[in-house]
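Read through the structure below, which is laid out as C-alpha coordinates, and then see the notes.
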Amino acid sequence: MTAKITFDEVEVGTELPARSFPVTRATLVRYAGASGDFNPIHWNEKFAKEVGLPDVIAHGMFTMAEAIRVVTDWAGDPGAVVEYGVRFTKPVVVPNDETGALIEVSGKVAAKLDDNRVRVDLTVMSAGQKVLGMSRAVVRLA
(Lines give C-alpha, C1' and ligand atoms only; values in the text may rest on other atoms or scores of the structure.)
Protein backbone atom coordinates (compact mmCIF):
# COMPACT_ATOMS: atom_id res chain seq x y z
CA MET A 1 0.00 0.00 0.00
CA THR A 2 0.99 3.60 -0.46
CA ALA A 3 -0.35 6.65 1.33
CA LYS A 4 -3.39 8.04 -0.47
CA ILE A 5 -2.73 11.62 0.65
CA THR A 6 -0.04 13.41 -1.33
CA PHE A 7 2.60 15.67 0.16
CA ASP A 8 1.48 18.54 -2.08
CA GLU A 9 -2.12 18.26 -0.79
CA VAL A 10 -1.26 19.20 2.78
CA GLU A 11 -0.04 22.35 4.46
CA VAL A 12 1.06 23.04 8.00
CA GLY A 13 -2.17 23.33 9.96
CA THR A 14 -4.10 20.78 7.87
CA GLU A 15 -6.49 19.11 10.31
CA LEU A 16 -7.09 15.38 10.25
CA PRO A 17 -10.65 14.09 10.76
CA ALA A 18 -11.18 13.72 14.52
CA ARG A 19 -12.42 10.42 15.92
CA SER A 20 -13.75 9.04 19.17
CA PHE A 21 -13.05 5.50 20.33
CA PRO A 22 -15.26 3.84 22.97
CA VAL A 23 -13.56 1.64 25.56
CA THR A 24 -15.44 -0.78 27.82
CA ARG A 25 -14.26 -3.39 30.28
CA ALA A 26 -14.99 -6.00 27.59
CA THR A 27 -12.65 -4.10 25.22
CA LEU A 28 -9.90 -4.31 27.85
CA VAL A 29 -10.39 -8.04 28.36
CA ARG A 30 -10.14 -8.65 24.60
CA TYR A 31 -7.02 -6.47 24.39
CA ALA A 32 -5.45 -8.29 27.35
CA GLY A 33 -5.99 -11.61 25.59
CA ALA A 34 -4.52 -10.35 22.33
CA SER A 35 -1.54 -8.60 23.91
CA GLY A 36 -0.81 -10.99 26.77
CA ASP A 37 -0.93 -8.06 29.23
CA PHE A 38 -3.08 -9.38 32.08
CA ASN A 39 -1.98 -6.82 34.68
CA PRO A 40 -4.94 -6.67 37.10
CA ILE A 41 -5.08 -2.85 36.98
CA HIS A 42 -6.73 -3.35 33.58
CA TRP A 43 -9.55 -5.64 34.72
CA ASN A 44 -9.77 -5.89 38.54
CA GLU A 45 -11.41 -2.83 40.12
CA LYS A 46 -10.52 -3.86 43.69
CA PHE A 47 -6.84 -4.30 42.81
CA ALA A 48 -6.69 -1.06 40.81
CA LYS A 49 -8.08 0.91 43.75
CA GLU A 50 -5.74 -0.85 46.22
CA VAL A 51 -2.74 0.40 44.24
CA GLY A 52 -4.05 3.96 44.22
CA LEU A 53 -5.86 4.18 40.88
CA PRO A 54 -9.37 5.64 40.69
CA ASP A 55 -10.68 2.51 38.92
CA VAL A 56 -9.64 0.08 36.19
CA ILE A 57 -7.57 1.83 33.52
CA ALA A 58 -7.02 1.12 29.84
CA HIS A 59 -3.69 -0.28 28.74
CA GLY A 60 -1.30 2.49 27.70
CA MET A 61 -0.38 0.68 24.50
CA PHE A 62 -4.08 0.25 23.69
CA THR A 63 -4.62 4.00 24.10
CA MET A 64 -1.59 4.71 21.94
CA ALA A 65 -2.83 2.31 19.24
CA GLU A 66 -6.30 3.83 19.15
CA ALA A 67 -4.82 7.32 18.78
CA ILE A 68 -2.61 6.48 15.79
CA ARG A 69 -5.68 5.16 13.93
CA VAL A 70 -6.55 8.80 13.19
CA VAL A 71 -3.27 9.09 11.28
CA THR A 72 -3.37 5.73 9.51
CA ASP A 73 -6.98 6.25 8.42
CA TRP A 74 -6.12 9.72 7.10
CA ALA A 75 -2.99 8.59 5.26
CA GLY A 76 -4.70 5.49 3.89
CA ASP A 77 -1.76 3.23 4.69
CA PRO A 78 -0.56 2.11 8.14
CA GLY A 79 2.90 1.54 6.64
CA ALA A 80 3.18 5.27 5.91
CA VAL A 81 3.86 5.93 9.60
CA VAL A 82 7.64 5.93 9.94
CA GLU A 83 7.89 7.24 13.53
CA TYR A 84 5.45 7.45 16.41
CA GLY A 85 5.90 8.36 20.04
CA VAL A 86 3.88 9.57 23.01
CA ARG A 87 4.16 10.38 26.69
CA PHE A 88 1.59 8.81 28.96
CA THR A 89 0.20 11.71 31.01
CA LYS A 90 -3.07 10.45 32.55
CA PRO A 91 -4.80 7.08 32.57
CA VAL A 92 -7.99 6.35 30.67
CA VAL A 93 -10.32 5.35 33.50
CA VAL A 94 -12.88 2.75 32.39
CA PRO A 95 -15.95 2.45 34.62
CA ASN A 96 -17.84 -0.81 34.95
CA ASP A 97 -20.97 0.14 33.02
CA GLU A 98 -22.41 -0.14 29.51
CA THR A 99 -20.83 3.15 28.41
CA GLY A 100 -17.25 2.78 29.58
CA ALA A 101 -14.87 5.56 28.54
CA LEU A 102 -14.25 7.53 25.38
CA ILE A 103 -10.85 8.31 23.84
CA GLU A 104 -11.15 11.45 21.72
CA VAL A 105 -8.41 12.10 19.16
CA SER A 106 -7.71 15.05 16.89
CA GLY A 107 -4.63 15.84 14.88
CA LYS A 108 -3.04 18.32 12.56
CA VAL A 109 -0.02 18.59 10.33
CA ALA A 110 2.55 20.45 12.42
CA ALA A 111 5.49 20.43 9.99
CA LYS A 112 6.40 19.51 6.43
CA LEU A 113 9.69 17.65 6.33
CA ASP A 114 11.97 16.38 3.57
CA ASP A 115 11.35 13.19 1.57
CA ASN A 116 7.54 13.67 1.38
CA ARG A 117 7.24 13.36 5.15
CA VAL A 118 5.04 15.35 7.52
CA ARG A 119 4.88 15.50 11.30
CA VAL A 120 1.39 15.09 12.70
CA ASP A 121 0.69 16.20 16.27
CA LEU A 122 -2.20 14.47 18.03
CA THR A 123 -4.35 15.64 20.91
CA VAL A 124 -5.67 12.68 22.86
CA MET A 125 -8.30 13.26 25.54
CA SER A 126 -10.54 11.22 27.82
CA ALA A 127 -13.02 12.60 30.36
CA GLY A 128 -11.77 16.11 29.66
CA GLN A 129 -8.14 15.26 30.43
CA LYS A 130 -5.17 14.96 28.10
CA VAL A 131 -4.16 11.30 28.36
CA LEU A 132 -1.24 11.32 25.92
CA GLY A 133 1.29 14.11 25.69
CA MET A 134 3.86 14.80 22.99
CA SER A 135 1.87 12.48 20.73
CA ARG A 136 3.60 12.82 17.37
CA ALA A 137 3.85 10.78 14.21
CA VAL A 138 6.03 11.19 11.16
CA VAL A 139 4.22 10.04 8.03
CA ARG A 140 5.61 9.52 4.52
CA LEU A 141 3.02 10.70 2.02
CA ALA A 142 2.68 9.94 -1.66
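As the structure is a computational prediction, the values presented were derived from the model and not from experiment.
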| request: Identify the two heavy atoms, one from Ala137 and one from Ile68, that lie closest to each other, and give their separation to 0.1 Å. | output: CB-CD1, 3.7 Å
Report yes or no: do [X] and [Y] belong to one cluster of Ile/Leu/Val/Met/Phe/Trp/Tyr joined by side chain heavy-atom distances under 4.5 Å?
X      : Y      : answer
Val23  : Val105 : yes
Ile57  : Phe88  : no
Leu132 : Val93  : no
Val94  : Met61  : yes

Are side-chain heavy atoms of [X] and [Y] found at a separation under 4.5 Å?
X      : Y      : value
Val10  : Trp74  : yes
Leu122 : Tyr84  : yes
Asn96  : Val56  : no
Ile103 : Thr63  : yes
Leu113 : Phe7   : no
Leu141 : Val118 : yes
Asp37  : His42  : yes
Trp43  : Arg25  : no

| query | Does Lys112 NZ have over 12 foreign heavy atoms under 6.0 Å away? | reply | yes
In chain order, what residues pass the salt bridge (Lys or Arg N to Asp or Glu O under 4.0 Å) check against [X], with sequence neighbours excluded?
X      : answer
Asp115 : Arg140
Arg19  : Asp73
Asp114 : Arg117
Lys4   : none

| Counting N and O atoms only, with roles assigned by atom type, does the side chain of Thr89 sit under 3.5 Å from a partner on the main chain of Lys130, one being a donor and the other an acceptor? |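 Yes: the side chain of Thr89 pairs with the backbone of Lys130.
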| said: So does Val92 get a backbone contact from the side chain of Ser126, meaning a donor-acceptor N/O pair under 3.5 Å? | reply: no
| So, Thr6 versus Glu9: side-chain donor-acceptor pair below 3.5 Å or not? |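 The answer is yes; a qualifying pair exists.
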| request: Report the C-alpha separation of Leu28 and Arg30 in whole Å, then their side-chain angles, then the decisive distance to 0.1 Å, and conclude whether the side-chain contact (heavy atoms from CB on, under 4.5 Å) test is met. | output: CA-CA 5 Å; Leu28 300 181; Arg30 286 191 298 275; over 6 Å; no
| message | I'd like to check the side chain to side chain donor-acceptor pair (under 3.5 Å) partners of Glu104; sequence neighbours left out, ordered by chain and number. | response |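 In terms of side chain to side chain donor-acceptor pair (under 3.5 Å), with neighbours along the sequence ignored, Glu104 is linked to no residue.
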| query | Roughly how far, to the nearest 0.5 Å, is CG of Leu16 from CG of Asp121? | reply | 10.5 Å
| message | Suppose we screen for ring-ring contact (aromatic ring centres under 6.0 Å, His included). Which residues come up paired with Tyr31, at least two apart in sequence or across chains? | response | His59, Phe62
